[in-house]
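For ligands, and for the atoms within them, numbers begin at 1 and follow the listed sequence. In this text, all values refer to a predicted model and were calculated from it rather than measured experimentally.
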Amino acid sequence: MRTGIATVCLSGTLKEKMQACAIAGFDGIEIFEQDLVTSPLSPEDVRKTAADLGLGLDLYQPFRDFDGVTPDLLKANLRRAEAKFKLMARLGMDTILVCSNVATATIDDDAVRAEQLAQLASLAGDHGVKVAYEALAWGKYVNDYEHAYRLVEMVDHPNLGTCLDSFHILSRDWDTAPIEDINADKIFFVQVADAPKLSMDVLSWSRHYRVFPGEGQFELAKFMGHVVRAGYTGPVSLEVFNDVFRQSDVERTAVDAMRSLIWLEEQSAKWLSTSAADAPGNGGALRRRYPMELATLPKVNEPAGFNFAEVKADDTAQLEKLLGQLGFAFEGRHRTKDVQLWTMGQARVIINEQAAQHAEPAIAALGFDVDSPVIASARAQQLKAPVVARKVQADEEVFQGISAPDSTEIFLCQGSPDGTAAWTHEFGEGLEHPSAGASAVIDHVNLAQPWQHFDEAVLFYTSALALEPQPFAEVPSPSGLVRSQVMQTSDGAVRLVLNLAPIQQARNEARKTYQEHIAFAVDDLVATARAARDRGLEFLQIPANYYEDLDARFDLEPEFLATLQELNLLFDRDADGEFLHFYTATVGSVFFEMVERRGNYDGYGAPNAPVRHAVQYDSLHRSTWTRTP
Ligand SMILES: O=C(O)c1ccc(O)c(O)c1
Ligand SMILES: [Mg+2]
């Protein structure tokens, strides 16, 4: 698959964009006209820069408001087009995108449009240019890809074809199956963009909220599957108008973009192999082959569970105290590293004794149990995940580590059938075992995401770790709405919650000032809470109003309600079951949660999240127990 990206996706100057695209590994780019018009580079310089970088100049775009106009306007439009064709010759480019008229069309007649497009195609032919006609979702008369293709067929000129843009097609819910009926020779270009499903006018949606494939909710593998089946072999190019990407670090965004295409390529091949028309039939029919070659990736299953979580704080002693009060056992220090191991059943927490640096996340690392760490690491690396360099001594377990977009280190660990971890023998004798035998597992981990990397994180965990994004929620907090995105395995054994902190709290690019936490699941939360209270644990103090509201909503047994209130427990119930949980005070920017899932409850106590945020906000502002001396 030939990969491409439009310069409009990125920040910086044209030269910076081109360099970033080459570093990220794109085959070619679309030059967005604005980027050229505002550039100090001459067209010849651009051509040379691209050649030096090994980048193809695959599409010049956009050319607007050509068709369905009065004769006077047509004349002016043809003159304007010819100037661009001459410019393209200097750039060494041969394909231009012409989008359907949104502003100046006054004649709604296919015969007129076709006749005008025929004149354009003929002029383009004189200049050796191919015109890719694209239906914009908000085109005045032409806003449907099948309509655009009908016009291309009517004109029937070798220099006129169509451009398929997934956004314009999927935002309007057009059926994508008829793409297969398009003559592949007439598909001059394919643009891909994903987007969250939003209910707003389609132009604003398109201009501000497009995201890279895998970061939104469109069925892009299916779209691509139809394109491949049509027989298309040209560039598959990202055209993503996004307010955040165009102000983010250009090289980083280009890598995120490349990752999305590598992933889409794999997903498209997967869609083709499983969709009815291609799946090997009962007789094991050979899979059909298509002109476009789709690369695949090392295959991984979903992770089987969390192997460990590693936390950092300025004040290690406070973390030790909290874990001990929760019922964790201290298992000792590592032979060669400044880290401690604390366990409660199969929940393993590493305390990193190095003080958290200014820019470091509180949850420094997460280990995941996978079938094959090497295969999982190969996959992540092919998806351009940065590798974590880690010193290992003789006979220490070698972890495969990659760095997540929020700089949390992700370790791919060999899972074991009984949930134990072989590396724990690298830790010395612990000093005390206050509650040896208590059972717990890591239920979920909540990671704060810097606002400009949120979409990137969703794609990263989807593509590299095979976690499935769930529909996101918005949780009100005193400092703003917190966007909360659950990424999980189908069995719920691994649950990550990505929280997009309100901007004022995540202002600093790298620093995650927003709190993160690890939740542990136990069998009997009330007993766990009582034991923790007896060991002196400071609970997050839940306001009395909450319990009144709880009673109104659920009509709870008075005794049960009193127990919840006495222990600062939170409660939720849905059709599947019940959920009990409590939170600890915060140390540095990390805190812990204990949960009990009853029945098949699968959520996170979402109705309680605003209460937690409000109490934490209050505590932070009063600065009472969040940083106990
Ligand atoms: O928003 C636009 O104007 C615009 C321009 C060119 C495109 O290819 C497109 O998809 C949208
Ligand atoms: Mg487009």
Considering both backbone and side-chain atoms of Trp138, is one of its nitrogen or oxygen atoms within less than 3.5 Å of a nitrogen or oxygen in ligand 1?
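In fact, backbone or side chain, Trp138 has no N or O that close.
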If you measure every N/O of Ser206 against every N/O of ligand 1, is any gap under 3.5 Å?
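Looking only at distances, the answer is no, because the N/O contact criterion of under 3.5 Å is not met.
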Look at [atom] and say which protein heavy atom is nearest, naming residue and atom and giving the distance to 0.1 Å.
atom: atom 3 (O) of ligand 1; value: Arg64 NH1, 2.5 Å
atom: atom 7 (C) of ligand 1; value: Glu239 OE2, 2.9 Å
atom: atom 6 (C) of ligand 1; value: Gln61 OE1, 3.1 Å
atom: atom 10 (O) of ligand 1; value: His168 NE2, 2.6 Å
atom: atom 1 (O) of ligand 1; value: Arg207 NE, 2.6 Å

Can Glu180 and Arg229 be counted as an ion pair, charged N to O under 4.0 angstrom?
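Looking at Glu180 and Arg229, the cut-off is met.
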Is the shortest side-chain N to carboxylate O distance from Lys17 to Asp35 below 4.0 Å?
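Yes, charged N to carboxylate O under 4.0 Å.
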Between Pro469 and Gln485, what is the shortest heavy-atom contact and its length?
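Of all heavy-atom pairs spanning Pro469 and Gln485, the closest is CB-NE2, 3.6 Å.
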[X] side chain to [Y] side chain, donor-acceptor N/O pair below 3.5 angstrom:
X: Asp406; Y: Gln449; result: yes
X: Ser484; Y: Asn499; result: yes
X: Asp72; Y: Thr70; result: no

Derivation and outcome, salt bridge (charged side-chain N to carboxylate O under 4.0 Å, His left out), residues Arg113 and Asp108
CA-CA 8 Å; Arg113 269 188 287 269; Asp108 185 13; 2.8 Å; yes
Please name the atom of Glu239, limited to N, O or S, that comes nearest to the Mg ion (ligand 2).
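The Mg ion (ligand 2) is closest to the Glu239 atom OE1, counting only N, O or S.
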Taking only heavy atoms of Leu97 into account, list the atoms of ligand 1 that are under 4.0 Å away from them.
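Listed by number with element, the hits are 8 (O).
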Short list, please: which atoms of ligand 1 are under 4.0 Å from a heavy atom of Gln191?
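Result: 8 (O).
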Classify the contact between Leu136 and ligand 1 as side chain, backbone, both or neither, using a heavy-atom distance cut-off of under 4.0 Å.
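Side chain only; the backbone of Leu136 stays clear of ligand 1.
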Side chain, backbone, both or neither: Leu203 near ligand 1, heavy atoms under 4.0 Å
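Leu203 to ligand 1: no contact under 4.0 Å from either part.
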Assign the ring pair Phe245 / Phe212 to parallel, tilted or perpendicular, where the plane angle (0 to 90°) is split at 30° and 60°.
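Rings of Phe245 and Phe212: parallel, under 30°.
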Whether Gln191 has an N, O or S atom under 2.8 Å from the Mg ion (ligand 2)
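Yes, since at least one N, O or S atom of Gln191 sits under 2.8 Å from the Mg ion (ligand 2).
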Does Arg210 make a cation-pi contact with Phe241 (under 6.0 Å, within 45 degrees of the axis)?
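Ring-cation test returns no.
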When you draw lines from the Mg ion (ligand 2) to OE2 of Glu134 and to OD2 of Asp165, what angle lies between them, to the nearest 10°?
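Here the angle at the metal atom is close to 90°, to 10°.
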Pair Lys48-Asp52, salt bridge (charged side-chain N to carboxylate O under 4.0 Å, His left out): steps then yes or no
CA-CA 6 Å; Lys48 177 164 188 320; Asp52 290 347; 2.7 Å; yes
Within less than 4.0 angstrom of ligand 1, does Arg210 place any heavy atom?
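A heavy atom of Arg210 does come that close to ligand 1.
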Against ligand 1, does Phe241 come closer than 4.0 Å with any heavy atom?
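Yes.
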